[in-house]
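No hydrogens, no waters, no symmetry mates; every other heavy atom, side chains included, goes into these values. For this chain, numbers begin at 1 and follow the sequence in order.
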Amino acid sequence: MEETPQHESSVTSEQLAAIDDEDVLNKMLDDATEFEERRLIRAALRELLKKKRDKREQERASRQEVLSKGTSIKGVAGATKPPINQQPSTNNRPAFSMTAGGKVGSAPAAQKSLPSTVPNAKNVKQMLLDWCKAKTEPYEGVDIQNFSSSWKDGIAFCALVHRFFPDAFEYSILNPHKPRDNFQLAFSTAEKLAGCPPLLDPEDLVRMKEPDWKCVYTYIQEFYRCLVEKGLVKTKKRS
């Protein structure tokens, strides 16, 4: 029996590491057909998310140090960011939008600087949260109120995936005290059956007190997009 020839990836890890735009990597993942190439792109996506988390932690520590010295935030580079003890405004957060095809995209830079022009991004976030609530409402142990603490034990991820792939695993035997196993089950099933890249790392998630809402939000948008592409979710076409 002849062995199937192994195709080398057309991109390298070094080339992918130089890309700092999630949208670009997501588009490359959509277009990739070779297993090795898709594996490299998924790894690059995970590393990019980790770098962004580390950067946010560094910026937070820097702002906290400035505040502890009694220095005005305005005297520091990046002065437009809110103080560490102030809840960030939604208008200062990266705005995501969902295209007609279900793809995740960043709002134009001009919109980010004008609060009056970003209600659509806020509406999309609320619509996606409501969608998650509706799809997981029948599931015991799931009460989705946000994109952070509501997902910390992995059960909500499993419930959402199970809603579309009920034969993939037995939901009733899941243990909320084993979040690592739940994250792994949900992400691997979503990747296998929906083609959704595992943008979140179970090891990172279990180390956090609660998940970063931006990371969860981005992953859920990607899962939604994959479901739309497979015809499992119908979207209303805009006139």
Side-chain angles (χ1 to χ4, degrees), residues 19-32 38 41-42 44-53 56 88 90-109 111-112 118-136 142 144-152 154 156-165 183 186-202 204-205 210-238:
I19 301 174
D20 60 358
D21 190 324
E22 292 175 41
D23 291 339
V24 172
L25 290 174
N26 277 319
K27 179 62 168 60
M28 292 176 66
L29 188 63
D30 290 340
D31 296 337
R38 292 179 63 84
I41 296 173
R42 286 196 295 268
L45 275 167
R46 289 195 295 270
E47 184 62 26
L48 178 58
L49 286 173
K50 183 178 183 300
K51 286 180 180 179
K52 289 186 175 182
R53 285 196 300 271
R56 286 195 297 272
T90 304
N91 292 328
N92 288 333
R93 294 170 179 167
F96 293 96
S97 60
M98 192 175 297
T99 65
K103 291 182 178 294
V104 179
S106 297
Q111 288 187 336
K112 296 179 182 178
V118 294
N120 288 338
K122 294 173 64 177
N123 288 343
V124 168
K125 180 184 175 186
Q126 187 59 51
M127 288 170 61
L128 192 61
L129 185 64
D130 291 341
W131 176 78
C132 291
K133 289 181 180 180
K135 294 303 179 183
T136 60
V142 179
I144 295 177
Q145 299 297 325
N146 53 51
F147 282 111
S148 183
S149 59
S150 297
W151 307 79
K152 64 181 180 180
F157 284 110
C158 289
L160 188 59
V161 173
H162 189 268
R163 180 62 184 268
F164 292 94
F165 306 103
F183 289 134
F187 301 158
S188 61
T189 303
E191 181 180 18
K192 179 180 178 181
L193 300 181
C196 180
L199 302 180
L200 300 180
D201 189 334
D204 288 343
L205 291 172
E210 58 185 40
D212 185 321
W213 77 264
K214 297 175 187 175
C215 297
V216 174
Y217 179 38
T218 300
Y219 179 84
I220 297 301
Q221 285 194 89
E222 180 67 9
F223 181 59
Y224 181 95
R225 182 188 68 79
C226 291
L227 293 176
V228 169
E229 288 189 346
K230 286 188 171 294
L232 297 175
V233 171
K234 303 297 182 182
T235 58
K236 294 181 180 180
K237 295 184 179 179
R238 297 180 179 179

Notebook entry, point to check: Would Val24 and Met28 satisfy side chain to side chain contact (heavy atoms under 4.5 Å, CB included), going step by step from the backbone distance to the final call?
Noted result: CA-CA 6 Å; Val24 172; Met28 292 176 66; 4.2 Å; yes

Show me the side-chain donor-acceptor pairs of residues 126-136 shorter than 3.5 Å, one per line, residues at least two apart or across chains.
residue	atom	partner	partner atom	Å
Gln126	NE2	Asp130	OD1	2.9
Thr136	OG1	Cys132	O	2.7

Notebook entry, point to check: Atom CG of Asp204 and atom CG of Asp212: how far apart are they, to the nearest 0.5 Å?
Noted result: 11.0 Å

Notebook entry, point to check: Given Val233 and Tyr224, is the side chain to side chain contact (heavy atoms under 4.5 Å, CB included) satisfied, shown in steps?
Noted result: CA-CA 8 Å; Val233 171; Tyr224 181 95; 3.7 Å; yes

Checklist line | Nearest heavy atoms of Lys125 and Phe147, plus distance in Å | finding: O-CE1, 3.6 Å

Note to self: So Leu160 and Ile144, do their side chains get closer than 4.5 Å, heavy atoms only?
What the structure shows: no

Check: Rounded to the nearest 0.5 Å, how far does NZ of Lys152 lie from CG of Asn146?
Finding: 10.0 Å

Next item on the list: First locate atom CG of Leu200, then atom CZ of Phe183, and finally report the distance between them rounded to the nearest 0.5 Å.
Entry: 8.5 Å

Check: Of Ser148, Ser150, Ser149, Pro211, which is the lone residue that meets side chain to side chain contact (heavy atoms under 4.5 Å, CB included) with Val216?
Finding: Pro211

Item checked: Closest heavy-atom pair and its distance - Cys226, Ala194 -> CB-O, 3.3 Å

Checklist line | Value rounded to 0.5 Å, distance of SG in Cys215 from CZ in Arg46 | finding: 13.5 Å

Notebook entry, point to check: Should the pair Phe223 and Phe164 be assigned to parallel (<30°), tilted (30 to 60°) or perpendicular (>60°) ring geometry?
Noted result: perpendicular

Next item on the list: Could you check whether the rings of Trp151 and Phe157 sit parallel, tilted or perpendicular, using 30° and 60° as the cut-offs?
Entry: tilted

